[in-house]
Protein chains: 2
Amino acid sequence: MQTQTSGKPRRPDRRRVRHEATVQEILDEAWSIAREHGVSGLSLRALARAVGMEPQSLYTYFASKHAVYDRMFADANRELLARFRQLEIPTDPAGALRATARLFMDFCTEDPARYQLLFTRAIPGFEPSPETYAVAVEVVEMGRSVLAGAGLRRDADFDLWTALIAGLASQQLANDPGGDRYTRLIDDAVTMFTAHALARKAEAAPGNS
Amino acid sequence: MQTQTSGKPRRPDRRRVRHEATVQEILDEAWSIAREHGVSGLSLRALARAVGMEPQSLYTYFASKHAVYDRMFADANRELLARFRQLEIPTDPAGALRATARLFMDFCTEDPARYQLLFTRAIPGFEPSPETYAVAVEVVEMGRSVLAGAGLRRDADFDLWTALIAGLASQQLANDPGGDRYTRLIDDAVTMFTAHALARKAEAAPGNS
DNA sequence: GTCTATATCCAGATAGAC
DNA sequence: GTCTATCTGGATATAGAC
């Protein structure tokens with residue numbers, strides 16, 4: 001008789017699907033507002049207006065404003081992670097670094113608000129939740145593994161590399177938003193970094209190859 | 001009889017001195033609040049409370065909140081400029097770069113709020129006034145002249161250099177505030193940059209010395 | 001130069017009816 | 001799940017008395 005013993009839904013619950021769809025709609029509008037007014041310029045009232053609700057109704061979907069930021073932070077990191085995963089990484093070290101640097105800078109420059117939320121401390125009280133922070137850690141580990149694939153495993157190499165690329169991105173956004181004054185230096189930066197890091201490597205293990 | 005013909009003050013007008021002192025007191029408190037709550041967390045109410053005034057009275061000293069930010073922005077740039085000017089710049093290129101990089105990173109890390117105001121776009125609507133912007137330009141030109149003193153005059157060299165150091169600073173503040181994970185890479189970064197830039201220079205002008 | 005009073009509007013968040 | 005009503009407080013800014 002019973003095709004299913006439990007009272008638990010055997011298909012995705014319609015209410016739940018609907019709920020998730022609304023959450024997504026809210027997040028889309030939140031990003032849209034953040035892009036227009038800056039990530040710290042987001043307000044729940046404006047968000048509710050954009051999505052066609054009263055401000056209070058947002059609390060059905062998010063427990064607080066920081067909860068909205070938290071989801072935005074996590075989603076943005078997941079997006080970056082997904083792009084890294086689908087990237088065809090060249091086998092030569094310099095090529096691998098060039099490709100990842102381009103990917104990262106494209107990600108940063110195409111959405112300054114997202115950059116601010118992820119990489120600067122633009123929202124005074126905000127700290128990602130542990131689950132969300134874990135996604136950010138995954139992104140960092142992905143970057144670290146790309147560098148390791150290029151033969152560079154030292155922490156100092158990784159930190160110098162991320163500083164170099166983050167510096168290009170931050171300068172691009174601060175001093176030439178929409179332009180390419182710094183993005184066009186990527187190849188130059190990669191050449192500089194690889195020469196330096198690989199030279200150090202050769203020096204550390206002389207006589208190899 | 002009259003020691004002075006004009007009605008204009010022959011000594012610094014007491015009212016004016018007093019006024020400037022109050023302005024300075026307001027600015028000091030503004031920095032203090034910005035350091036505690038982030039530069040975008042500054043409010044005129046809190047500022048007035050800190051200085052012992054009603055919020056409305058601040059308008060005697062500043063025409064708007066942005067005017068406060070503008071003075072903060074200008075003063076911070078003047079401070080940086082003053083430090084550059086009193087810096088003993090070593091004569092060797094690498095030494096000169098090391099010294100300026102250290103100075104800049106110290107300046108950034110010792111006050112994250114100041115860093116945010118000067119180098120990120122943390123306050124959505126804020127743009128420095130033309131007079132204030134001129135001070136920022138002076139700072140950039142100072143940096144450019146240091147690099148030129150080291151024999152590097154290409155725009156690409158300057159941009160790569162500033163990105164590298166700004167990257168160290170931004171990573172330090174975002175990922176290890178209060179620590180030295182990135183500041184300790186300065187020497188490494190300078191070595192990397194000078195090797196790269198001077199090699200390019202030698203290549204551009206072969207046969208020189 | 002500072003105050004009271006006020007304007008206008010916004011913020012995030014909660015309670016409870018429907 | 002959405003609403004009305006409300007709380008509590010904050011924001012920047014102006015007018016005008018003293």
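Computed from a predicted model, the values in this text were never measured in an experiment. In the text below, chain A, chain B and the rest are named by the order of the sequence lines, each starting its count at 1.
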Using atom [atom1] of [X] as one end and atom [atom2] of [N] as the other, report the distance to the nearest whole Å.
| X | N | atom1 | atom2 | result |
| --- | --- | --- | --- | --- |
| A:L44 | C:dA13 | CG | C1' | 9 Å |
| B:L42 | D:dG10 | CG | P | 15 Å |
| B:R49 | D:dT12 | CZ | P | 11 Å |
| B:I33 | D:dG10 | CD1 | C1' | 14 Å |
| A:L47 | C:dA11 | CG | C1' | 14 Å |
| A:R15 | D:dT2 | CZ | C1' | 14 Å |
| B:E54 | C:dT4 | CD | P | 5 Å |
| A:L58 | C:dG12 | CG | P | 10 Å |

Among [options], which is the nearest nucleotide to the side chain of [X]?
| X | options | result |
| --- | --- | --- |
| B:Y61 | C:dT2, C:dA11, C:dG12 | C:dT2 |
| B:Q56 | C:dA15, C:dT2, D:dA13 | D:dA13 |
| B:S43 | D:dA11, C:dT14, C:dG12 | D:dA11 |
| B:Y59 | D:dT4, C:dG1, D:dT12 | D:dT12 |

**OP:** State which residue, out of B:F62, B:Y61, B:F73, fulfils the side-chain contact (heavy atoms from CB on, under 4.5 Å) condition with B:V68.
**Re:**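 For B:V68, the side-chain contact (heavy atoms from CB on, under 4.5 Å) test succeeds with only one of B:F62, B:Y61, B:F73, which is B:F62.
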
Subject >> Residue that, paired with B:V39, satisfies side-chain contact (heavy atoms from CB on, under 4.5 Å) out of B:T120, B:L117, B:L118 >> reply: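 Between B:V39 and the candidates, side-chain contact (heavy atoms from CB on, under 4.5 Å) is satisfied uniquely by B:L117.
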
**OP:** Please figure out whether A:A63 or B:M53 has its closest DNA chain C nucleotide nearer the 5' end.
**Re:**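 Final value for this comparison: B:M53.
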
Original post:
Taking for each residue the nucleotide of DNA chain C bearing the nearest heavy atom, is the 5' side occupied by A:K65 or by B:G52?
Top reply: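 Per heavy-atom nearest nucleotide, the more 5' residue is B:G52.
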
Original post:
Does A:K201 come within less than 4.0 Å of A:D157, counting only side-chain N to carboxylate O?
Top reply: no

Subject >> C:dA11 phosphate, OP1 or OP2, under 4.0 Å from A:R45 side-chain N/O >> reply: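 Yes, A:R45 has a side-chain N/O under 4.0 Å of OP1/OP2 on C:dA11.
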
Subject >> OP1 or OP2 of C:dG1 under 4.0 Å from side-chain N/O of B:T60 >> reply: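 No, outside the criterion.
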
Original post:
For A:I186 and A:R102, what are the C-alpha separation, side-chain angles and deciding distance, and is it a side-chain contact (heavy atoms from CB on, under 4.5 Å)?
Top reply: CA-CA 7 Å; A:I186 290 179; A:R102 286 207 189 105; 4.1 Å; yes

Original post:
When we call it a touch if two heavy atoms are under 4.0 Å apart, what does B:S64 touch: a base, just sugar-phosphate, or nothing?
Top reply: sugar-phosphate

Subject >> B:D70 side chain vs B:H66 backbone, donor-acceptor pair below 3.5 Å >> reply: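 Absent.
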
